[in-house]
S.K.: 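Below is one structure. I have some questions about it.
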Amino acid sequence: MRHSGLSLLRARARPPRTGILRALADGCSGRESGPGDRRGGGFRRGAMAVHAVRELLAGSVSAGAEVTVQGWVRTRRDSKAGMSFLHVSDGSCFDPIQVVAPNSLPNYAEEVARLSTGCAVVARGSLVASQGAGQTVEIAADAIEVVGWVDDPETYPVAAKRHTFEYLREIAHLRPRTNTFGAVARVRHCLSQAIHRFYHERGFFWVHTPIITASDAEGAGQMFRVSTLDLVNPPRTPEGSVDFAQDFFGRESYLTVSGQLNVETYCCALSKVYTFGPTFRAENSNTSRHLAEFWMIEPEIAFADLNDNADLAEQFLKYVFEALLSERADDMKFFAERIDKECVARVEKFVAASFERMTYTEAVAHLEKAVAKGKKFEFRPSWGIDLQSEHERYLSEELVGRPVVVMNYPKEIKAFYMRLNDDEKTVAAMDVLAPGIGEIIGGSQREERLEVLDRRLDEMHLPKEAYGWYRDLRRYGTVPHAGFGLGFERLILYATGMGNIRDVIPFPRTPGNAAF
RNA sequence: UCCUCGGUAGCUCAAUGGUAGAGCAUGCGGCUGUUAACCGCAGGGUUGCAGGUUCGAGUCCUGCCCGGGGAGCCA
């Protein structure tokens, strides 16, 4: 291959030029000579800027301009009028650009006419108004360089047609080349950026809580052990149990199931903080809503109570969804057309409507009233037991028809760190339930009173000595504070209407599956 | 982990216990400023794996593996 991968990378790595900057660059073509110029061989991008397909389709480049695009062939159609039509995608936006390759190109018969789905190409030509329907502009090609062929088109797993998601999961390394997974990747990026922007604009600090933790009592499910001990012949204590004192960290350690306990320490110093990082649960959960490795956002605010927490959750979700609607209209249009007709309307409604808020006690009353009216649940709702999936669905989908914040749950079914309410029966916990996915956010006001926290630890038979530093926060300048956790992939499910959480993360990790 | 449905060509799916098929994809030919193009021809199979019943099993039985949906756990 004549083309060096490095020069490709360099060319692509240039920051996008917009507005005046691009005008300067276009008018001063000498500045654009990059590594591509120094390559040998016949194809020279030379003085031309490499354009993202997004820029060309958005109309930010005027017709008649000389342009170069780099990308992968989606489809090739030949016309006996003496040309081939290539749809080339570079992933910068949903749509590919049409490249019209005349048979007068020197490599037409040898190369262009043999292009198949998946081939990597660099196309140079002028941007012109399209004669055909389906696109406003296209590239009348002067040159097409084939950078990477598809070995054997018959075995290329991603045909230009519909595939099932189950099949595409088996080729996770190639599925980003499909419409759906390209769109998911861009939506995922958009939401990630919007999340950071939301918190940054409000004075929150992003805190990098640890991935590895020695706290085996974070209380959120089964954990993955982290160890460098010899699994076959581990060191033993005189009593015969595994001697973790000889392990890497000198004690048992795990992958984190939550950054919350750690981020509380920074909350009680920087006031407004959040985490955004990977989280691990070793639960044997085989559902479309669970991953063993997922990303979680956990804001934590000081001098705040549960209502402040619910306000934050509502503003937060609305902000990132507004960003999604305005920045990824192309991808959202695709999801609405092919994946879930309701998704755009649902997100728009989400942004416009206020969240319903009710207490757990009220929620149970609603459910009992529904049962009295003949609603059938597999599990009978009753005060004191946790809400089942079917109950959560009824509340958000049928009763209210939009997100619901359920607050103040019985203390028996919630974690030790949640603040005990004055009734001594409930804690200041909240779940945000969204139609279609159920619990999208779980959070609480934290117990800031040391003596109450200790009482809760005792009640739940948790060892106080394991929570030394956590208890210190309550001894030294304690303040009311609150926070919540948002499962990032569940956010994407809700926004896009995708049905399975394994399809909104690049490389899903689930029980029995860590390929790729 | 439990319940339930499924596993047949590269992909999506048909096939009463009796010669294993179609569409798409791929290759070749035709036609065309094409756009999920269209028309014709061709190649392509250890029916998830292992046993069993039967003259005969893709089909029935047993076990296992893998996948979907639902539940639990949760985000």
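Chain letters run A, B, ... following the sequence lines, proteins first and then strands; every chain starts at 1. Small disclaimer: the values here were computed from a predicted structure and weren't measured.
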S.K.: Mapping A/Gly442 and A/Ser116 onto RNA chain B by nearest heavy atom, which one lands closer to the 5' end?
M.R.: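 Result: A/Ser116.
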S.K.: Could you check whether A/Phe294 and the base of B/rA75 form a stacked pair, meaning centres closer than 5.5 Å and planes differing by less than 30°?
M.R.: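 According to the criterion (under 5.5 Å, under 30°), yes, A/Phe294 stacks.
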S.K.: Using the C1' atoms only, state how far B/rG21 lies from B/rU62, rounded to an integer number of Å.
M.R.: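 After rounding to an integer number of Å, I get 30 Å for this pair.
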S.K.: Along nucleotides 40-45 of chain B, 5' to 3', which nucleotides get a B, which get an S, and which get a -, given that the test is a protein heavy-atom distance under 4.0 Å?
M.R.: ---B--
S.K.: Quick check on RNA chain B: between A/Asn513 and A/Ala292, whose nearest nucleotide comes earlier from the 5' end?
M.R.: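 By nearest-heavy-atom nucleotide position, the 5'-most residue is A/Asn513.
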S.K.: Nearest whole angstrom, please: distance from the C1' of B/rU12 to the CD1 of A/Ile171.
M.R.: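 Whole-Å distance recorded here is 14 Å.
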S.K.: Side-chain N or O of A/Asn500 versus OP1/OP2 of B/rG67: is the shortest distance under 4.0 Å?
M.R.: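 No, outside the criterion.
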S.K.: Determine the Euclidean distance between corresponding C1' atoms of B/rC11 and B/rU16; express it in Å to zero decimal places.
M.R.: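 Taking atom C1' in both B/rU16 and B/rC11, they lie 28 Å apart.
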S.K.: When all nucleic acid strands are considered with a 4.0 Å heavy-atom cut-off, which category describes A/Glu138: base, sugar-phosphate, or nothing?
M.R.: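 Contact class for A/Glu138: base.
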S.K.: Among B/rC73, B/rG33, B/rG69, which nucleotide sits nearest the side chain of A/Ser288?
M.R.: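 For A/Ser288, the side-chain atoms sit closest to B/rG69.
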S.K.: Ignoring backbone atoms, test whether A/Gln388 places a side-chain nitrogen or oxygen under 4.0 Å from the OP1 or OP2 oxygen of B/rG72.
M.R.: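 So the side chain of A/Gln388 is within the cut-off, an N or O lying under 4.0 Å from OP1 or OP2 of B/rG72.
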S.K.: Can you tell if the side chain of A/Leu115 reaches within under 4.5 Å of the side chain of A/Trp149, non-hydrogen atoms only?
M.R.: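 Yes. Closest side-chain heavy atoms under 4.5 Å.
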S.K.: So which nucleotide from B/rA71, B/rU34, B/rA75 ends up closest to the side chain of A/Ile501?
M.R.: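 Shortest atom-to-atom distance from the side chain points to B/rA75.
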S.K.: Please confirm whether the backbone N or O of A/Tyr417 pairs with a side-chain atom of A/Arg456, one donor and one acceptor, at under 3.5 Å?
M.R.: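 No, the answer is negative, given that no donor and acceptor are paired below the 3.5 Å cut-off.
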S.K.: Ignoring hydrogens and angles, answer whether the base of B/rU34 and the side-chain atoms of A/Gln131 contain a donor-acceptor pair closer than 3.5 Å.
M.R.: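 Between B/rU34 and A/Gln131, which were checked side chain against base, a qualifying N/O pair under 3.5 Å is absent.
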S.K.: So which of A/Trp206, A/Phe316, A/Phe276 actually passes ring-ring contact (aromatic ring centres under 6.0 Å, His included) with A/Tyr199?
M.R.: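 Filter result, single survivor: A/Phe316.
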S.K.: For nucleotides B/rC28 and B/rG43, find the distance between their P atoms and express it as a whole number of Å.
M.R.: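 Rounded to whole Å, the distance is 16 Å.
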S.K.: Is the NZ or CZ atom of A/Arg177 both under 6.0 Å from the centre of the six-membered ring of A/Tyr156 and within 45° of that ring's axis?
M.R.: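 Not satisfied by the 6.0 Å and 45° rule.
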S.K.: Whole Å only: how far is the CG atom of A/Asp431 from the P atom of B/rC73?
M.R.: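 Taking atom P of B/rC73 as the reference, CG of A/Asp431 is at 12 Å.
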S.K.: Is there a salt bridge (charged side-chain N to carboxylate O under 4.0 Å, His left out) between A/Asp311 and A/Arg357? Walk through the geometry before answering.
M.R.: CA-CA 11 Å; A/Asp311 289 343; A/Arg357 294 189 194 188; 2.6 Å; yes
S.K.: Answer with base, sugar-phosphate or nothing: what part of the nucleic acid does A/Arg74 contact at a heavy-atom distance below 4.0 Å?
M.R.: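 Nothing: the residue A/Arg74, judged by heavy atoms under 4.0 Å, touches no strand.
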S.K.: In whole angstrom, give the distance that lies between atom CZ of A/Phe280 and atom C1' of B/rA75.
M.R.: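 Atom-to-atom, A/Phe280 to B/rA75, this comes out as 14 Å.
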S.K.: At 4.0 Å (heavy atoms only), tell me whether A/Gly485 reaches a base, stays on the sugar-phosphate, or touches nothing.
M.R.: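 Touches sugar-phosphate only.
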S.K.: If I take atom CD1 from residue A/Ile505 and atom CG from residue A/Asn500, how far apart are they, to the nearest 0.5 angstrom?
M.R.: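 One gets 11.5 Å once the value is rounded to the nearest 0.5 Å.
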S.K.: Please tell me whether A/Thr359 and A/Asn408 have a donor and an acceptor in their side chains that are separated by less than 3.5 angstrom.
M.R.: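 No - no donor-acceptor pair under 3.5 Å links their side chains.
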S.K.: Are the side chain of A/Arg281 and the backbone N or O of A/Val257 linked by a donor-acceptor pair below 3.5 Å?
M.R.: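 Yes; judged by distance alone, with no hydrogens or angles, the pair exists.
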S.K.: If you check the A/Met83 side chain, which of B/rA75, B/rG33, B/rU32 turns out closest?
M.R.: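 Selected nucleotide: B/rG33.
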S.K.: State which residues pass side-chain hydrogen bond (donor to acceptor under 3.5 Å, both in side chains) with A/Tyr494; sequence neighbours excluded, sorted by chain then number.
M.R.: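 In terms of side-chain hydrogen bond (donor to acceptor under 3.5 Å, both in side chains), with neighbours along the sequence ignored, A/Tyr494 is linked to no residue.
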S.K.: What do the steps show when you test A/Ser444 against A/Arg446 for side chain to side chain donor-acceptor pair (under 3.5 Å), and what is the final call?
M.R.: CA-CA 6 Å; A/Ser444 69; A/Arg446 320 307 188 187; 2.7 Å; yes
S.K.: Pick out which of A/Leu261, A/Thr275, A/Thr256 makes a side-chain contact (heavy atoms from CB on, under 4.5 Å) with A/Thr209.
M.R.: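 Output: one option passes, namely A/Thr275.
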S.K.: Within the structure shown, what part of the strands sits under 4.0 Å from A/Glu170 by heavy-atom distance: base, sugar-phosphate, or nothing?
M.R.: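 The answer is nothing, as A/Glu170 stays clear of every strand by at least 4.0 Å.
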S.K.: Do A/Glu378 and B/rG72 share a donor-acceptor pair, side chain to base, under 3.5 Å?
M.R.: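 No pair found.
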S.K.: Would you say A/Arg169 places a side-chain N or O within less than 4.0 Å of OP1 or OP2 belonging to B/rG68?
M.R.: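 So the side-chain polar atoms of A/Arg169 do come within 4.0 Å of the phosphate oxygens OP1 or OP2 of B/rG68, strictly under.
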S.K.: Can you identify which nucleotide, out of B/rG70, B/rG33, B/rA75, has its nearest atom closest to the A/Leu291 side chain?
M.R.: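 It is B/rA75.
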S.K.: Considering only heavy atoms, which members of residues 502-510 of chain A lie under 4.0 Å from some atom of RNA chain B?
M.R.: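 Contacts with RNA chain B under 4.0 Å: A/Arg502.
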S.K.: How long is the straight-line distance from CD of A/Glu392 back to CG of A/Asp386, given to the nearest 0.5 Å?
M.R.: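 Spacing of CG (A/Asp386) from CD (A/Glu392) equals 7.0 Å.
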S.K.: Select one nucleotide: of B/rA37, B/rU34, B/rC73, the one nearest the side-chain heavy atoms of A/Thr75.
M.R.: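 Nearest to the side chain of A/Thr75 among the choices is B/rA37.
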S.K.: Check A/Arg225 against A/Glu252 and note the closest heavy-atom contact, atom names and distance.
M.R.: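 Heavy atoms only, the tightest pair is NH1-OE1, 2.8 Å.
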S.K.: Taking the P atom of each, how far is B/rG30 from B/rA36, in whole Å?
M.R.: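 B/rG30 and B/rA36 have their P atoms separated by 24 Å.
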S.K.: Which part of the nucleic acid does A/Thr117 contact within heavy-atom distance under 4.0 Å: base, sugar-phosphate only, or nothing?
M.R.: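 Contact class for A/Thr117: none.
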S.K.: Using the C1' atom on both, measure B/rG33 against B/rU26 and round to a whole Å.
M.R.: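 That atom pair is separated by 25 Å.
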S.K.: Side-chain donor or acceptor of A/Arg490 under 3.5 Å from a matching atom on the base of B/rC74?
M.R.: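 Result: at least one qualifying N/O pair found.
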S.K.: Choosing from B/rC73, B/rU32, B/rU34, which nucleotide comes nearest the side chain of A/Asp78?
M.R.: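 For A/Asp78, the side-chain atoms sit closest to B/rU32.
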S.K.: To the closest 0.5 Å, what do you measure between CG (A/Asp503) and CG (A/Leu168)?
M.R.: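 Between atom CG of A/Asp503 and atom CG of A/Leu168 there are 8.0 Å.
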S.K.: Who passes side-chain hydrogen bond (donor to acceptor under 3.5 Å, both in side chains) against A/Ser84, sequence neighbours left out?
M.R.: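 Partners of A/Ser84 by the side-chain hydrogen bond (donor to acceptor under 3.5 Å, both in side chains) criterion, ordered by chain and then number, come out as A/Asp78, A/Tyr108.
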S.K.: Rounding to an integer number of angstrom, what distance separates B/rA42 and B/rA9 when you compare their C1' atoms?
M.R.: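 Here B/rA42 and B/rA9 have their C1' atoms 15 Å from each other.
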S.K.: Charged N to carboxylate O under 4.0 angstrom, A/Glu314 versus A/Lys318?
M.R.: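 Judged by the 4.0 Å cut-off on N to carboxylate O distance, A/Glu314 and A/Lys318 do form a salt bridge.
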S.K.: What interatomic distance, in whole Å, is found between C1' of B/rG27 and the corresponding atom of B/rG63?
M.R.: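 Between the two C1' atoms, the distance is 43 Å.
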S.K.: Under 3.5 Å for both distances, Watson-Crick or G-U wobble, that's the pair rule; now give the dot-bracket for RNA chain B, with | marking pairs to another strand and [ ] for crossing ones.
M.R.: (((((((..((((....[..)))).(((((.......))))).....(((((..]....))))))))))))....
S.K.: What about the rings of A/Tyr274 and A/Tyr266, do their centers lie closer together than 6.0 Å?
M.R.: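 Ring-ring flag for A/Tyr274/A/Tyr266: false, centres at least 6.0 Å apart.
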S.K.: Can you tabulate the close N/O pairs, meaning under 3.5 Å, that link protein atoms to atoms of nucleotides 1-9 of chain B?
M.R.:
residue, atom, partner, partner atom, Å
B/rU1, OP1, A/Asn284, ND2, 2.7
B/rU1, O4, A/Asn284, O, 3.4
B/rU1, O4, A/Asn286, N, 3.4
B/rU1, O4, A/Asn286, ND2, 3.0

S.K.: Considering only atom C1', compute the distance from B/rA37 to B/rG45 and round it to an integer number of Å.
M.R.: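 Those two atoms are separated by 30 Å.
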S.K.: Quick one: the side chain of A/His163 and the base of B/rC11, do they pair up donor-acceptor inside 3.5 Å?
M.R.: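 Such a pair does not exist between side chain and base.
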S.K.: Return no unless some side-chain N or O of A/Arg289 is found under 4.0 Å from OP1 or OP2 of B/rG69.
M.R.: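 No.
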